[in-house]
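Reviewing the structure listed below.
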Number of protein chains: 2
Amino acid sequence: MVLQVHHRIVTHRIRIKDIALQAGVSTGTVDRVLHNRGEVSQATRDKILSLIQESDYTPNLAAKSLANRNPYRIAVLIPEGDVTNPYWKMPLRGIRRAAREIRDYNTGIEIYRFDMDSRSSFQTRLTEVLKSNPAGVVLAPVFQDQAAEFLKQLNDKGIPCVLIDSRLRKSNYLSAFGQDALKSGFLAARLMCFGIRPGSSILLLKLARPDGIIHHLSRRAKGFSGYIGKCTPSKDISIRTLTIDLTAPGEPAASLDKAMAEQPDIAGIFVTSSRASVVAEYMESRNKSEIILIGYDLTEANRKYLKNGTIDFLISQKPDDQGYNSIMTLCRYLVFKLLPVRIQYSPIDIITKENIDFYQT
Amino acid sequence: MVLQVHHRIVTHRIRIKDIALQAGVSTGTVDRVLHNRGEVSQATRDKILSLIQESDYTPNLAAKSLANRNPYRIAVLIPEGDVTNPYWKMPLRGIRRAAREIRDYNTGIEIYRFDMDSRSSFQTRLTEVLKSNPAGVVLAPVFQDQAAEFLKQLNDKGIPCVLIDSRLRKSNYLSAFGQDALKSGFLAARLMCFGIRPGSSILLLKLARPDGIIHHLSRRAKGFSGYIGKCTPSKDISIRTLTIDLTAPGEPAASLDKAMAEQPDIAGIFVTSSRASVVAEYMESRNKSEIILIGYDLTEANRKYLKNGTIDFLISQKPDDQGYNSIMTLCRYLVFKLLPVRIQYSPIDIITKENIDFYQT
DNA sequence: ATTGATTCCGTGTGCGCACACGGAACCTGT
DNA sequence: ACAGGTTCCGTGTGCGCACACGGAATCAAT
């Protein structure tokens with residue numbers, strides 16, 4: 001019951017007990033109607049539902065979760081990060097943060113890590129999770145055919161699944177969290193072309209091990225190139241793509257020196273991964289800080305070069321929040337039966353030295 | 001008690017009852033120690049504190065708020081927005097959102113609106129709030145001397161106060177939410193100078209009624225001008241400030257036409273308020289969409305022109321969140337005794353047509 | 001009319017915490 | 001030794017919800 005008196009909002013919660021008193025039944029009967037449990041006559045049911053509708057009743061979530069007698073278990077399947085691709089450390093941080101918050105809702109998590117280069121590792125984990133019969137699953141669907149089959153099996157068991165960093169289209173999942181890597185590359189290109197002169201060149205850098213480029217990094221590059229080709233033909237901007245293996249000795253300096261010598265009109269550099277700091281360090285050592293440098297992620301190293309101006313823009317997609325939000329979404333569904341939005345994209349935030357101290361992480 | 005088994009985190013909450021069993025006392029005694037209430041012998045107290053420390057006990061917040069027998073009342077003092085300055089509608093929206101969430105913590109709010117051009121209106125409200133003796137206060141300290149005296153009185157009564165859109169420095173408050181308008185103007189200038197050619201001119205627009213410019217809008221302008229003067233002397237950029245009264249007939253077209261005729265090398269326009277859409281509309285009517293336009297706030301009108309490219313950047317400081325966070329901060333302090341950060345600034349987010357659909361509001 | 005099955009509903013218990021009340025033990029003063 | 005006061009602590013109750021149990025009423029079959 002909301003009483004609006006002058007400029008005041010004063011709240012007095014409507015409880016199940018109030019509905020029961022008005023309907024002339026017990027709280028047990030109101031509870032049965034609310035949860036479609038047991039048996040209640042149609043006349044009594046209609047009367048209670050009508051009172052609930054008129055009365056602005058909402059359940060007290062604290063009481064609701066306290067009364068919940070079965071702890072929920074959420075199984076989390078995500079890859080282990082490694083030294084050259086520490087990406088998965090970030091969503092895991094968000095997952096751990098969410099785990100601490102959901103304890104009060106009688107919900108816990110179990111984390112199953114797998115090797116992201118090994119299908120058998122993934123399959124082993126999928127099998128373990130099926131056997132453990134959790135209340136819900138958060139899944140990074142790295143191997144898509146296996147993930148699709150797994151989703152079918154979860155669906156058969158009535159276990160809801162939330163996908164994280166997902167590219168799956170037609171599947172049974174409760175909600176999927178992803179990033180629009182193409183659009184983030186597009187935006188990076190937009191920022192770059194905003195600042196460089198017509199006739200300049202841009203270097204598109206892929207910094208990785210020789211055996212693999214992560215899918216979303218490729219998409220960022222594709223978005224970037226796509227913008228240059230499609231939106232700025234009149235600017236006569238050329239783009240050169242360079243892949244550098246950071247584990248090889250002398251890199252990235254050797255490759256960058258060579259590229260700079262061959263193309264002295266390079267006015268901008270775009271780094272698809274979170275390793276822009278490596279390039280910034282090189283640029284400082286060669287007194288080329290006037291070249292526009294755009295990268296991703298607010299790592300400690302990147303922050304340093306952003307603040308001193310060598311890096312012009314960092315794009316942040318809040319990977320921590322992807323992990324956090326996937327757990328919170330599933331928890332809200334399990335505990336409170338709240339239906340989520342089906343697809344949720346990461347933000348594409350533009351970070352500069354002027355706004356970094358105010359950025360909410 | 002956290003049991004780490006292989007890749008799993010499984011939680012079993014430590015309760016007051018568990019501590020009591022281990023200490024050989026009742027739950028009432030553990031409760032007395034936790035809240036420093038009643039009298040407990042030093043030996044028993046030490047024993048219980050030691051067990052609590054070793055055991056990773058955290059209170060169940062659902063149980064805690066359910067058991068709380070006294071509803072908290074938060075008094076909110078904010079200005080009424082008006083047609084030319086609808087700013088205060090946005091924090092109020094956040095405040096209402098927070099109010100819905102804190103119902104489950106037995107906490108309600110009472111909103112006291114005042115006329116932001118009237119000291120006596122403000123004083124009347126301050127007096128009402130003091131008389132109502134709330135558990136806590138959220139205050140927009142528009143008139144600073146009155147606000148400072150009010151804070152003293154709250155402090156004498158032991159009532160915690162959170163400030164919103166605050167410029168107060170030395171006062172007794174729990175936490176203050178503000179925006180760094182100077183820095184946001186600085187960033188706007190950075191973006192502008194990134195994109196325009198040396199030797200160009202910029203138009204700095206203040207769109208308002210003749211009788212008042214809101215303080216933070218002036219600060220934005222100051223930040224913008226400061227960047228131009230300090231950071232880009234070699235670019236030879238001139239800046240012209242223009243104040244336009246939007247309530248006058250034929251504006252803003254008349255003034256803008258005049259300015260454009262006098263200075264045909266204008267390459268960028270910066271609007272300090274949320275009315276960039278008015279300028280965008282003008283620019284489209286005169287086929288001047290190639291001029292860089294930067295403004296503030298994701299209003300419906302601004303979104304439209306951002307999406308079609310006439311507005312290049314909008315700066316968003318999430319004013320809704322300022323309201324939301326001030327209530328949540330005070331609620332956490334009152335209900336759970338969590339101490340907040342003393343000063344919290346709004347973000348300064350850069351929004352473009354590429355990232356707007358992913359921006360989290 | 002009697003018996004058995006089904007429907008319907010009220011009651012009691014518990015979740016983890018907050019806290020008031022009052023009995024037992026101890027201490028101090030006469 | 002006794003009385004009064006203080007310290008210390010256990011117990012009971014309640015917050016709003018979830019849900020199991022079992023008694024009463026009703027219905028159907030014989």
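Below, chain A is the first sequence line, B the second, and so on; all start at residue 1.
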Taking OP1 and OP2 of [N], is either one under 4.0 Å from a side-chain nitrogen or oxygen of [X]?
{"X": "B/His35", "N": "C/dC19", "answer": "no"}
{"X": "B/Ser41", "N": "D/dC9", "answer": "yes"}
{"X": "B/Lys64", "N": "C/dG16", "answer": "no"}

Residue [X], side-chain atoms from C-beta onward, closest of [options]:
{"X": "B/Asn60", "options": "C/dC19, C/dG16, D/dA18", "value": "C/dG16"}
{"X": "B/Asp31", "options": "C/dC19, D/dC9, C/dG16", "value": "C/dC19"}
{"X": "B/Ser26", "options": "D/dC9, D/dG10, C/dG16", "value": "D/dG10"}
{"X": "B/Arg15", "options": "C/dC15, D/dC8, C/dG16", "value": "C/dG16"}

Practice problem: Answer whether the closest heavy-atom distance between the side chains of A/Ser132 and A/Tyr112 falls below 4.5 Å. | Solution: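 Counting from C-beta outward, A/Ser132 and A/Tyr112 do come under 4.5 Å.
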When you check the gap from the basic side-chain N to the acidic O, do [X] and [Y] get nearer than 4.0 Å?
{"X": "A/Arg125", "Y": "A/Glu128", "answer": "yes"}
{"X": "A/Arg96", "Y": "A/Asp320", "answer": "no"}
{"X": "B/Asp31", "Y": "B/Arg37", "answer": "yes"}

Could you give the [atom1]-to-[atom2] distance, from [X] to [N], as a whole number of Å?
{"X": "A/Leu34", "N": "D/dA18", "atom1": "CG", "atom2": "P", "result": "7 Å"}
{"X": "A/Ile14", "N": "D/dC17", "atom1": "CD1", "atom2": "P", "result": "10 Å"}
{"X": "A/Glu39", "N": "C/dT6", "atom1": "CD", "atom2": "P", "result": "10 Å"}
{"X": "B/Ile16", "N": "C/dC17", "atom1": "CD1", "atom2": "P", "result": "4 Å"}
{"X": "B/Arg13", "N": "C/dG14", "atom1": "CZ", "atom2": "P", "result": "21 Å"}
{"X": "A/Leu61", "N": "C/dC15", "atom1": "CG", "atom2": "C1'", "result": "16 Å"}
{"X": "A/Arg45", "N": "C/dC9", "atom1": "CZ", "atom2": "C1'", "result": "13 Å"}
{"X": "B/Ile48", "N": "D/dG10", "atom1": "CD1", "atom2": "C1'", "result": "12 Å"}

Classify [X] by what it touches in the nucleic acid, base, sugar-phosphate, or nothing, heavy-atom distance under 4.0 Å.
{"X": "B/Leu66", "value": "base"}
{"X": "A/Thr29", "value": "sugar-phosphate"}
{"X": "A/Thr44", "value": "sugar-phosphate"}

Practice problem: Please tell me which of A/Ala63 and A/Arg37 maps to the more 5' nucleotide of DNA chain D, matching each residue to the nucleotide holding its nearest heavy atom. | Solution: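 The 5'-side residue here is A/Ala63.
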Self-check item: Greater than 12 external heavy atoms within 6.0 Å of B/Lys157's NZ
Solution: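 Enclosed: over 12 neighbouring heavy atoms sit under 6.0 Å from NZ of B/Lys157.
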Quiz item: Mapping A/Arg32 and B/Tyr57 onto DNA chain C by nearest heavy atom, which one lands closer to the 5' end?
Solution: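 Per heavy-atom nearest nucleotide, the more 5' residue is A/Arg32.
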